[in-house]
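Structure first, then comments.
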Amino acid sequence: MTLMSVTSQLSPTERSTIRRSSKRARTERDELHAVLDAGLICHLGVVVDGAPRVLPTGYGRSGDTLYLHGSTGARSLREAAEETEICVAVTHLDGIVYARSAFHFSVNYRSAVIHGRPRQITDPDEKWRALQVITDHLAPGSWEHARQPNKRELAATAVIALDLTEAAVKMRGEGPNDEPEDVEADKAWAGVLPLETRWGAPEPSDDLAPAFEIPAHVLERRYPA
C-alpha cells in the first residue's frame, strides 16, 4: 500500500466496515474531514459502570486528530480519558425522503463514526492548542477575540484526543427507492423535503454596552461566502 493511499483513503477495520447499504459507504478521508468540519456537536459513546452512555460533546479537528473537551468533573469524560475504547458519531440530517409506500420512507444524511482508544491531553501546550481548535471550530475567530482561559479554567477542563484512523463514513442523497408497482400505480406523492440549517440574527447579551458593534467574525459566520 502506498503512502498516498494511506493518507487519502480510509482503511476499514472489522467494526468500521459498512455492510448494510454498503453502496453508501465513502472511502475518501477528505469526506470524513468534511462531515466532521461541517458539524458542531458530536455524540460520545463510552461505557460507564458496565453500561453504555452517549453524550453530546463539543469537538474540533486538527489534521487526523479529533479533540473533545468537557468538565474534569464529568464522569463520562474521565472514563474516556482512561484510554478505554470509545465511539464518536457526527450526523447531518439533509432531508426527509417521502415514498409511495411507508416501507421506503427514508432520510438523506451524511454521517461519520470513529472508533478508538483516546489519549488524555496533559501537555499544557497541546491542551492550549486543542482548546483553540475546539473554540474556533464552534465559533471561528473567537479564540483571538475573547479572553483566553486562565489557570483555574484550564484545570477545570479535560481534553482528550482521538485519532481518526478507524472511521466509517456513510451518506445518502437521493430520492425514494419505490417498488415498480407503486411507481406505476402513482397513488401517493414521492420526493424529498430538504432540511436546511441557517444562522439567525445575532442577539447581544443584555449586559453588553449598547455601542458595542457586532464583531466581523460573528457577521461572517452568519453570512458565509
Subject >> Steps toward side chain to side chain donor-acceptor pair (under 3.5 Å) verdict (H104, E179) >> reply: CA-CA 9 Å; H104 286 296; E179 302 298 330; 2.7 Å; yes
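- Considering CG of L138 and CZ of R221, their distance stands at 6.5 Å, rounded to 0.5 Å.
- Side-chain contact check for T157 versus V159: some heavy-atom pair is nearer than 4.5 Å.
- Separating the CZ atom in R61 from the CG atom in L36 is a distance of 7.0 Å, to the nearest 0.5 Å.
- Heavy-atom minimum distance, L219 versus P202: CD2-CG, 4.5 Å.
- In terms of heavy-atom proximity, I134 sits nearest to G60 at CG1-N, 3.8 Å.
- Between the NE2 atom of H137 and the CG atom of D37 there is a distance of 6.5 Å, given to the nearest 0.5 Å.
- The cluster map of Ile, Leu, Val, Met, Phe, Trp and Tyr, joined by side-chain heavy atoms under 4.5 Å apart, puts L162 and L44 in the same cluster.
- Taking NE2 of H43 as the start and OG1 of T57 as the end, the distance is 8.0 Å to the nearest 0.5 Å.
- By the 4.0 Å N-to-carboxylate-O rule, R29 lies close enough to D64 to be salt-bridged with it.
- Nearest heavy atom pair, residue A112 against residue L32, reads CB-CD1, 3.7 Å.
- Note that CG of N177 is 12.0 Å distant from CG of D182, once rounded to the nearest 0.5 Å.
- Separation of atoms NE2 (H217) and OG (S142) is listed at 3.5 Å; rounding is to 0.5 Å.
- Following chains of ILVMFWY side-chain contacts shorter than 4.5 Å, one can reach L195 starting from W189, so the two form part of one hydrophobic cluster.
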Original post:
Going through the distances and angles, do L93 and V107 end up as a side chain to side chain contact (heavy atoms under 4.5 Å, CB included)?
Top reply: CA-CA 7 Å; L93 179 61; V107 296; 3.6 Å; yes
**OP:** Take E126 and R119, measure what side chain to side chain contact (heavy atoms under 4.5 Å, CB included) needs, and give me the verdict at the end.
**Re:** CA-CA 12 Å; E126 184 180 6; R119 173 174 57 88; 2.9 Å; yes
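- E181 CD: more than 12 foreign heavy atoms inside a 6.0 Å radius.
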**OP:** Begin from the C-alpha positions of K127 and T122 and carry the test side chain to side chain contact (heavy atoms under 4.5 Å, CB included) through to its verdict.
**Re:** CA-CA 7 Å; K127 188 175 184 179; T122 57; over 6 Å; no
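- Looking at every heavy atom in both residues, D178 comes nearest to S101 through OD1-N, 3.6 Å.
- Between L131 and L154 there is a side-chain heavy-atom pair separated by less than 4.5 Å.
- Hydrophobic clustering keeps I86 apart from V113 (ILVMFWY residues linked when any side-chain heavy atoms are closer than 4.5 Å, directly or through intermediates).
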Subject >> Q132 vs E144, side chain to side chain contact (heavy atoms under 4.5 Å, CB included): CA-CA, chis, key distance, verdict >> reply: CA-CA 9 Å; Q132 180 177 1; E144 295 298 332; 4.2 Å; yes
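- Between E166 and R117 no salt bridge is recorded (no basic side-chain N to carboxylate O distance below 4.0 Å).
- Ion pair R100/E184 not flagged as a salt bridge, since none of the NZ, NE, NH1 or NH2 atoms sits closer than 4.0 Å to an Asp/Glu carboxylate oxygen.
- Nearest heavy atom pair, residue R110 against residue A38, reads NH1-CB, 4.1 Å.
- Note on V48 and L68: same hydrophobic cluster, where clusters join Ile, Leu, Val, Met, Phe, Trp and Tyr whose side-chain heavy atoms are under 4.5 Å apart, directly or indirectly.
- Environment of OH in Y98: sparse, with no more than 12 heavy atoms of neighbouring residues, nucleotides or ligands closer than 6.0 Å.
- Ring geometry for W143 versus W128: interplanar angle over 60°, hence perpendicular rather than tilted (30 to 60°).
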**OP:** List the steps and the verdict of salt bridge (Lys or Arg N to Asp or Glu O under 4.0 Å) for E153 and R147.
**Re:** CA-CA 11 Å; E153 292 165 338; R147 177 182 65 78; 2.8 Å; yes
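- Minimum interatomic distance between P118 and T84 (heavy atoms only, all atoms of both residues): CD-O, 2.9 Å.
- At most 12 non-hydrogen atoms from other residues, nucleotides or ligands lie less than 6.0 angstrom from CZ of F103.
- A centroid separation of 6.0 Å or more is found between the aromatic rings of Y59 and Y67.
- Note: the hydrophobic cluster containing L55 does not contain V47 (ILVMFWY, side chain heavy atoms under 4.5 Å, direct or indirect links).
- Salt bridge status for E174 with R172: present, with a side-chain N to carboxylate O gap under 4.0 Å.
- Screening D163, L164, V90 for a side-chain contact (heavy atoms from CB on, under 4.5 Å) with L66, the sole residue that qualifies is L164.
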